[in-house]
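Counting begins at 1 with the first residue of the sequence. Every value quoted in this text rests on a predicted model; they were computed, and no experiment measured them.
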Amino acid sequence: MSSGTRTLVSPLTLARPRGKALYWTVFTAVVLLFALAFLFPVYWMVTGAMKSPDEVTRTPPTLVPQAWHLRGYTDAWDLMDLPTHLWNTVVQAAGAWLLQLVFCTAAAYALSKLKPAFGKVILGGILATLMVPAQALVVPKYLTVADLPLIHTSLLNDPLGIWLPAVANAFNLYLLKRFFDQIPRDVLEAAEIDGAGRLRTLWSIVLPMSRPVLGVVSIFALVAVWQDFLWPLMVFSDTDKQPISVALVQLSQNIQLTVLIAAMVIASIPMVLMFLVFQRHIIAGISAGSTKG
């Protein structure tokens, strides 16, 4: 008897016309059900911004707008000054991503391949920070940013207040280290024989092989900054420097509901586009991290 993979539906049943038709019917229904569950909230937000203020609060709600209006989006763009806050968010997210990628990659490479003294102790200390609730670190982190030790300068209302704390990301560092651990030692030894130094090996050998995991870490870093609310709220008291996540709350007091919904849709577009563009890298990074190199 052959030891094949067991499935819910046997190959013999799938070979029959009735079984095949039933299988594809159930499969299509499940896919459509999940697609509806994920896409309907998006549809509800996009169309909600196109309704009139009276229609969006009507009970029972209307599934399709009675009259399609784009004024909600134009008002959100102008009244809430979305270009300024979107640009602030891009600057903060891009800086945090770049610094995090540089320092986490360097630290992960050192812990994985250079084997420094007390490397395991250092790694254990870094991983121990994952057990500390993020809320417990808010106050000491704010006091540090408000009065930076040694140089005694304030990073409040400064993008550095977002960039520097974002560098210390233990999860992304560990993710990179685990990937570097799977790179065969023979590859690095061959580079050393060819005369490549440690830095040249990292730049020319390790980083090109690490594109999948670097893509995953990049998305984690960008999303973490883009969706963060509490820390930017504490760092930026100047309204003109606040990111979109804080501005939507701060400016929503006297704004119509349709305009607020439109602003939320506009704010989510960059992240949706990023996932659509880099979804192949996400899947490649996840699969790369689950297999031995």
[atom1] of [X] to [atom2] of [Y]: how many Å apart, nearest 0.5 Å?
{"X": "K177", "Y": "C104", "atom1": "NZ", "atom2": "SG", "result": "14.0 Å"}
{"X": "S252", "Y": "L260", "atom1": "OG", "atom2": "CG", "result": "5.5 Å"}
{"X": "L188", "Y": "K113", "atom1": "CG", "atom2": "NZ", "result": "5.5 Å"}
{"X": "M50", "Y": "E55", "atom1": "CE", "atom2": "CD", "result": "12.5 Å"}
{"X": "L148", "Y": "I151", "atom1": "CG", "atom2": "CD1", "result": "4.0 Å"}
{"X": "N169", "Y": "L175", "atom1": "CG", "atom2": "CG", "result": "9.5 Å"}

With no hydrogens and no angle check, is any side-chain donor or acceptor of T74 less than 3.5 Å from a backbone partner on R71? yes

Counting C-beta onward and ignoring hydrogens, is there a side-chain heavy-atom pair between [X] and [Y] closer than 4.5 Å?
{"X": "L199", "Y": "W203", "value": "no"}
{"X": "V235", "Y": "N157", "value": "no"}
{"X": "P270", "Y": "T89", "value": "no"}
{"X": "E192", "Y": "R198", "value": "yes"}
{"X": "L173", "Y": "L111", "value": "yes"}
{"X": "Q242", "Y": "T84", "value": "no"}
{"X": "K51", "Y": "I261", "value": "no"}
{"X": "V187", "Y": "I205", "value": "yes"}

Pairs in or reaching into residues 61-117: which pass ring-ring contact (aromatic ring centres under 6.0 Å, His included), with residues at least two apart or in two chains? none

According to ring-ring contact (aromatic ring centres under 6.0 Å, His included), does anything in residues 28-61 pair up with another residue at least two apart or in another chain? List the pairs. F40-W44

Check: residues 129-145 side-chain donor-acceptor pairs under 3.5 Å, at least two apart:
residue, atom, partner, partner atom, Å
T129, OG1, I126, O, 2.4
T144, OG1, P140, O, 2.8

Indicate, with yes or no, if [Y] and [X] share a hydrophobic cluster defined by side-chain heavy-atom contacts under 4.5 Å among Ile, Leu, Val, Met, Phe, Trp and Tyr.
{"X": "V225", "Y": "V272", "result": "no"}
{"X": "F229", "Y": "L82", "result": "no"}
{"X": "V246", "Y": "V265", "result": "no"}
{"X": "L257", "Y": "L70", "result": "yes"}
{"X": "L79", "Y": "L251", "result": "no"}

Between R58 and D54, is the closest basic N to carboxylate O distance under 4.0 Å? no

Where is the tightest heavy-atom contact between [X] and [Y], given as atom of each residue plus distance?
{"X": "A76", "Y": "A263", "answer": "CB-N, 3.7 Å"}
{"X": "N88", "Y": "D240", "answer": "ND2-O, 2.8 Å"}
{"X": "Q66", "Y": "T62", "answer": "NE2-CG2, 4.3 Å"}
{"X": "P116", "Y": "A110", "answer": "CD-O, 3.2 Å"}
{"X": "A146", "Y": "S154", "answer": "O-CB, 3.2 Å"}

Would you say that more than 12 heavy atoms from the other residues, nucleotides or ligands in this model lie under 6.0 Å from the CG of L150, or not? no

Give a yes or no on this: more than 12 heavy atoms of other residues, nucleotides or ligands lie within 6.0 Å of atom CE of M264. no

Is there a side chain to side chain contact (heavy atoms under 4.5 Å, CB included) between Q100 and N172? Walk through the geometry before answering. CA-CA 9 Å; Q100 190 174 140; N172 285 345; 2.4 Å; yes

Where do F236 and I162 land on the side chain to side chain contact (heavy atoms under 4.5 Å, CB included) test, with the steps shown first? CA-CA 10 Å; F236 294 102; I162 301 294; 3.5 Å; yes

The test is side-chain hydrogen bond (donor to acceptor under 3.5 Å, both in side chains); show your working for S245 and D228 and say whether it passes. CA-CA 7 Å; S245 59; D228 196 10; over 6 Å; no

Going through the distances and angles, do I255 and D75 end up as a side chain to side chain contact (heavy atoms under 4.5 Å, CB included)? CA-CA 10 Å; I255 297 294; D75 287 347; over 6 Å; no

Before giving the answer on side chain to side chain contact (heavy atoms under 4.5 Å, CB included), spell out for W163 and V91 the whole-Å C-alpha distance, their side-chain angles and the decisive distance to 0.1 Å. CA-CA 10 Å; W163 296 350; V91 171; 4.0 Å; yes

